[in-house]
Every structure is written in structure tokens, then in C-alpha cells.
Amino acid sequence: MIKHTVFGLKYHVFTPDESIDLIFEKVGTKAALVRADLNVGTVVSAQENIDIANYINDSDLVNIDGMGILFYLRLRGVKVERYTGVDIFIDVLKRCTQSHKKVFVFGAKPETLNKAEHRIKSEHGDVIAGVRHGYIDFTSEGACKKVVEDINRSGADFLFLGIKSPEKELFITNYRSEIEVSWIFGVGGAIDVVAGEVQRAPQWIQNIGFEWLYRVSQEPKRMWKRYLVTNSKFVYLLIKNKFSS
């Protein structure tokens, strides 16, 4: 696959349909493949944390998730489509229904995961091989290996992780060689969206790049500082890149 780079991080120029086709073409591979995404948060984190940068550059499929990165690339003449973690989660579930593949969902609070599991079963049928909430001690090798054992025992074809960074990236990096699935996906807050606990912004808000602001409006106390700091750092990165090029 032809890869491109932005801020030292690789990504692929695939449409959503091309990405899904590629994913299902690779089902049955012996080693777990990894799908990652690029948004303002991951780009900023990767500048500060080499583990996150390595995780992205070692991934097998990297889609553009955030509108900030999409706008930046379009200004540079790159034609690329956005494909979010929520969208790929739902699209894989739909294709699993047709192809009789199974998923393991790891992440979120127990009650949130329970809601998501019930909704997935009601909308997509028997596609869940197993679930595990994300509240474990990620510094404990024993706890992490227990999750890996549960995943492998389930016989799932795909693993979805709704875990915050950098725990998500480190877990995948440390254990992907032991996880017996075809693909591993880091899908951020997709489990919360599927569970109905977080609402996605209307499409027109997504299109103009203000989905992050809509997200802040739902959980202002928790999200405002995160987005303010991250977006400010990204603006600085843009300015720095402009004057160093």
C-alpha cells in the first residue's frame, strides 16, 4: 500500500469503501493487523510521545479521522476522505453480519459496554464473540494477559478497543503479537456513541469541522480543557511547520 506522511506520521489515502474492502480481504491473516487513525489529538500526542508515533507508523492501515487534519491536507492539495473510528466500527459490524465474522469489544465502563452490546445484538445480530470493560490495571502484565486470553478464547476475527491514550497504543504495541485476531482497531469513544451515551454531532456540524465543539457542549467540565490545550498545541504545530518549511 502506498503511504503518505504528515507531521512525520504515515497515513493512507483510501475511501471508506476501499478501507473496508481491504480489511475483509485480510481476514484470516496469521499476524494481527492494526488500523489506526490520525486526528488533531493523535498528531499532537505523537509529537510528545514516541510510543504513540511508533504505534501509528507501525500500523497497517491509517485513516484520517479528524477534520483539522483533513482541512490541513486539503489545503496542501491532498485528496483524502475522513473515516472516523465510529464509522469504521459500525461499517465492520454491518459487514460482519453479512460475512458471519465475529468481534470482541474491549473498553468503556461496564454499564456503557452492556448498553453497547445490547444495541449491537439488536441491530447486527450474532456478531459479538466477547466483551470486556476497559477498567483494568494496564500496568499489570497479568491483567493485560488475562484480557488477551479472553480475546483468543473467543475466536473473534476483529478486536475493537475503546480505551484512552496512551494505554490503548501501549496495549496494542505490547500484545499484538499474542492476540489471535485478523485486525485490531482503536476506536476511541465509539463504544459510548453506540451505547447512546454520547451523541454525534449533526452531519453539517461535522462537515464544517466543529464536531469537537459539539462534544464539549455535552461534557463541558471534562472536555473543554482537553480540547483547548490540544487545539492550541496543534495551531502552534501548524505555525512551526509553516515557518520551518
Looking at [Y], is its backbone amide N or carbonyl O close enough to the side chain of [X] to form a donor-acceptor pair, meaning the two atoms are under 3.5 Å apart?
X	Y	value
Ser59	Val62	no
Thr112	Asp192	no
Glu18	Thr15	yes

What are the two closest heavy atoms between [X] and [Y], and how far apart are they?
X	Y	value
Asn152	Glu180	OD1-N, 2.7 Å
Val27	Asp157	CG1-OD1, 4.2 Å
Cys96	Val103	SG-CG1, 3.8 Å
Ala190	Phe89	CB-CD2, 3.5 Å
Ala156	Ala129	CB-CB, 3.8 Å
Lys145	Tyr175	CG-CE2, 4.0 Å

For this session: Please name the residue in the list Glu81, Arg82, Arg35, His12 that meets the side-chain hydrogen bond (donor to acceptor under 3.5 Å, both in side chains) test with Asn63.
Result: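 For Asn63, the side-chain hydrogen bond (donor to acceptor under 3.5 Å, both in side chains) test succeeds with only one of Glu81, Arg82, Arg35, His12, which is Arg35.
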Exercise. In this structure, which one of Asp65, Asp91, Asp17 forms a side-chain hydrogen bond (donor to acceptor under 3.5 Å, both in side chains) with Tyr83?
Worked result: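 The single option meeting the side-chain hydrogen bond (donor to acceptor under 3.5 Å, both in side chains) with Tyr83 is Asp91.
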Exercise. How long is the gap from CD1 on Ile23 to CD1 on Ile88, to the nearest 0.5 Å?
Worked result: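 Ile23 atom CD1 to Ile88 atom CD1 measures 3.5 Å (nearest 0.5 Å).
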Exercise. When rounded to the nearest 0.5 angstrom, what is the spacing between CD1 in Ile128 and NE2 in His118?
Worked result: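 Nearest 0.5 Å value for the CD1-NE2 distance: 9.5 Å.
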For this session: Give the ring-plane orientation class for Tyr72 versus Phe234, where under 30° counts as parallel, over 60° as perpendicular and anything between as tilted.
Result: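 Correct class here is perpendicular.
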Exercise. Lys146 and Asp150: salt bridge (charged side-chain N to carboxylate O under 4.0 Å, His left out), yes or no, with the steps?
Worked result: CA-CA 6 Å; Lys146 176 62 170 61; Asp150 290 344; 3.0 Å; yes
Exercise. Hey, are the side chains of Phe171 and Ile179 touching, using non-hydrogen atoms and a 4.5 Å cut-off?
Worked result: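 Result yes, sub-4.5 Å side-chain heavy-atom pair found.
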Problem set entry | pair Leu33-Leu61: side-chain heavy atoms closer than 4.5 Å |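 A side-chain contact is absent here, since even the closest heavy-atom pair is not under 4.5 Å.
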Problem set entry | Test applied, ring-ring contact (aromatic ring centres under 6.0 Å, His included); reference residue, Phe158; option that passes from Phe24, Trp183, Phe104 |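 Output: one option passes, namely Phe24.
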For this session: May I ask you to decide whether Lys121 forms a salt bridge with Glu117, counting only side-chain N to carboxylate O separations under 4.0 Å?
Result: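 A salt bridge is present here (some side-chain N lies under 4.0 Å from a carboxylate O).
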Exercise. Is there a side-chain contact (heavy atoms from CB on, under 4.5 Å) between Val194 and Phe160 once you walk through the steps?
Worked result: CA-CA 13 Å; Val194 171; Phe160 288 99; over 6 Å; no
For this session: State whether the number of non-hydrogen atoms from other residues, nucleotides or ligands found under 6.0 Å of Lys109 atom NZ is greater than 12.
Result: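 For Lys109, atom NZ is not crowded (no more than 12 foreign heavy atoms under 6.0 Å).
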For this session: Answer yes or no: are there more than 12 heavy-atom neighbours, outside Glu141 itself, under 6.0 Å from its atom CD?
Result: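 Atom CD in Glu141 is not packed in, count stays at 12 or less.
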Exercise. Of Lys26, Lys10, Arg176, which is the lone residue that meets salt bridge (charged side-chain N to carboxylate O under 4.0 Å, His left out) with Asp60?
Worked result: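 Passing option: Arg176.
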